[in-house]
Every structure is written in structure tokens, then in C-alpha cells.
Amino acid sequence: TNFIKKTMGNILQVIDYPSPNFNERPNGYSIDCIVLHYTDTSTLQEALDILTDPKCEVSSHYVIDEDGTIYRLVDDEKRAWHAGKSHWQGRDNVNHFSIGIELQNGGYHAGYALQGTWPEFSKPQIASLKNLLRHLIAKFSIDPSNIIGHSDVAPGRKIDPGPAFPWHELEDFGKF
């Protein structure tokens, strides 16, 4: 099911692609953080297959393809399984209080790290990310300093969204 939501003067189109890999957020936890990931897969379909496979036990709230298409896998209010063993601002288990966004990108999996280069994130993908971030920041009153990478909440274990992620593109959110 497609839906269109008007958000802060922009149109945000999201395609529902439900994942069974979620549960309820524990009582007392509110959403105050957004964790950015890369899929570490060669194709969007490969990423969607993993993130919706009950045997894999991983998911995210959103996946953004290289063409800018946004897929919603888990409702915002539910707890997606994206951060794993994680810690942020004195709290463990970041999944309890965060939204996870995956960006389609081959990342480390594609062997770029071994070659000394990393795949770029496309302009349409980053434009869609920014629109989605504007929506989520407004919806949950998230401080832009809490837009972070998987590497921030699981240092030494995770490296995404990786060294090619254009953090400078998020300057207009007041974080950088």
C-alpha cells in the first residue's frame, strides 16, 4: 500500500513493505534518536529479503533505495531490530528509543574497503533521507544531535553508514 503524507511543505511518499521482525517498545521509552545504516548488500531486493526474513531476525523502520524510493518496513511506534548490542548517551539497547533507517549501499560487503574506496550515496537517496528526517524530527521532536550512525552506537562492532556517508549534507539540520 502506498501513502502520501504532506510534511513541512514537502511530499513524502513511502511504500509499505512490512517486516515481521519487530516487537513492542518497552514501557517508558520514547523515540528520541535516529540511527543511520547502510544495507551492505548489492541490491535493494537483497536488503529487503534479509530485513523481512523471520529467520534473519533483523529489520529497520525504513529503507531508502538509490533512486530515492522510501520503503517502510516497521511502523515508527514499534521496535525494529536494527542496532543490535548498542549504547548511546548512557543507555543500552538503542532499539528501544530509536528509528532505524537503512540506505541501500554495497558498503564493506561489496569489497570497497579492501580496494580503498567506498560506494557513494546518490543525490536522490540523500534528498529522500533529508525529507524523511524532517518528517521524523517534527513528529517526535528529535534533537538533530541524535541523528547518528550505527558506528556511533556500536563502535568497534559496526562501521556503517561508512566513510563515504555525506554527513555535511545534513548541515541544515543544525547538527554539524
Side-chain angles (χ1 to χ4, degrees), residues 1-5 11-25 31 33-86 88 93-115 117-133 135-136 139 147-166 169:
T1 303
N2 294 345
F3 73 92
I4 295 177
K5 188 175 275 191
I11 299 295
L12 183 66
Q13 184 174 4
V14 178
I15 297 170
D16 281 326
Y17 198 98
S19 174
N21 301 335
F22 69 90
N23 56 3
E24 299 296 324
R25 293 181 189 275
I31 298 164
C33 182
I34 299 170
V35 181
L36 303 180
H37 305 262
Y38 61 44
T39 59
D40 201 25
T41 59
S42 299
T43 67
L44 172 72
Q45 191 59 57
E46 182 183 356
L48 291 172
D49 289 348
I50 291 167
L51 294 166
T52 59
D53 183 345
K55 294 177 192 153
C56 292
E57 297 184 348
V58 295
S59 63
S60 65
H61 293 88
Y62 298 93
V63 178
I64 305 176
D65 195 7
E66 293 167 292
D67 69 2
T69 304
I70 302 171
Y71 296 84
R72 181 176 61 183
L73 280 61
V74 174
D75 288 338
D76 295 344
E77 292 75 19
K78 303 298 181 184
R79 182 181 171 274
W81 306 337
H82 59 94
K85 184 177 180 186
S86 53
W88 183 247
N93 206 334
V94 174
N95 289 336
H96 289 349
F97 53 88
S98 66
I99 296 286
I101 302 174
E102 293 270 358
L103 299 160
Q104 172 55 39
N105 186 283
Y108 190 84
H109 172 81
Y112 292 99
L114 302 176
Q115 300 168 21
T117 62
W118 290 80
E120 299 286 323
F121 293 85
S122 73
K123 290 188 183 311
Q125 187 176 47
I126 297 303
S128 289
L129 172 64
K130 290 167 76 171
N131 285 335
L132 180 57
L133 289 174
H135 166 73
L136 294 170
K139 182 177 180 179
I147 301 171
I148 54 180
H150 198 187
S151 57
D152 294 317
V153 301
R157 189 174 70 80
K158 294 294 181 177
I159 57 174
D160 54 313
F165 183 77
E169 293 280 339

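Under the 4.5 Å side-chain criterion, counting only non-hydrogen atoms from C-beta, Phe165 is in contact with Leu103. Considering only heavy atoms from C-beta on, Val74 comes within 4.5 Å of Ser19 through its side chain. Side-chain atoms of Ile50 and Thr41, non-hydrogen and from C-beta on, do get closer than 4.5 Å to each other. Side-chain contact between Ile101 and His61: absent, with no pair of heavy atoms (C-beta onward) separated by less than 4.5 Å. In this structure the side chain of Gln125 reaches within 4.5 angstrom of the side chain of Glu66, judged on heavy atoms.
To the nearest 0.5 Å, the span separating CD1 on Ile99 from CG on Leu136 amounts to 5.5 Å. Residue Ile70 holds its CD1 atom at 8.0 Å from OH of Tyr62, rounded to the nearest 0.5 Å. The distance from the CD1 atom of Ile159 to the NE2 atom of His150 is 11.0 Å, given to the nearest 0.5 Å. Taking CG of Leu73 as the reference point, atom CG of Leu48 lies at 6.0 Å (rounded to 0.5 Å). Between the CG atom of Asp49 and the OG1 atom of Thr43 there is a distance of 7.5 Å, given to the nearest 0.5 Å. Between the CG atom of Leu133 and the CG atom of Leu12 there is a distance of 10.0 Å, given to the nearest 0.5 Å.
With sequence neighbours left out, Glu24 forms a salt bridge (Lys or Arg N to Asp or Glu O under 4.0 Å) with Lys78. With sequence neighbours left out, the ring pair (Phe, Tyr, Trp, His ring centres under 6.0 Å) criterion links Tyr71 to no other residue.
A side-chain donor-acceptor contact under 3.5 Å links Arg25 to the backbone of His96. Ser59 contributes a side-chain N or O that, together with a main-chain N or O of Trp81, makes up a donor-acceptor pair within less than 3.5 Å. The main-chain N or O of Glu169 is found under 3.5 Å from a side-chain atom of Lys130 such that the two form a donor-acceptor pair.
Contact detail for Pro119 and Gly107: the closest heavy-atom pair is CG-N, 3.4 Å. Cys33 and Val94 get closest at one heavy-atom pair: SG-CG1, 4.5 Å. Annotation for Gly149 and Pro161: closest pair CA-CD, 3.6 Å, computed over non-hydrogen atoms. Tyr38 and Asp160 make their closest contact through N-OD2, 3.3 Å (heavy atoms, listed as atom of the first residue, atom of the second, distance). Summarising the geometry of Gly84 relative to Asn95, their closest heavy-atom pair is N-ND2, 3.8 Å, with the distance given to 0.1 Å. Shortest non-hydrogen contact noted between Asn21 and Asp53 is ND2-O, 3.0 Å.
Ion pairing between a basic and an acidic side chain is recognised when a charged N comes within 4.0 Å of a carboxylate O; Lys139 and Glu77 show such pairing.
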Derivation and outcome, side chain to side chain contact (heavy atoms under 4.5 Å, CB included), residues Asp67 and Leu44: CA-CA 10 Å; Asp67 69 2; Leu44 172 72; over 6 Å; no
Criterion side chain to side chain contact (heavy atoms under 4.5 Å, CB included) on Leu51 and Val58, from CA distance to verdict: CA-CA 5 Å; Leu51 294 166; Val58 295; 4.0 Å; yes
Criterion side chain to side chain contact (heavy atoms under 4.5 Å, CB included) on Ser98 and His82, from CA distance to verdict: CA-CA 9 Å; Ser98 66; His82 59 94; 3.1 Å; yes
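With no hydrogens or angles considered, a side-chain donor-acceptor pair links Thr39 and Gln104 at under 3.5 Å.
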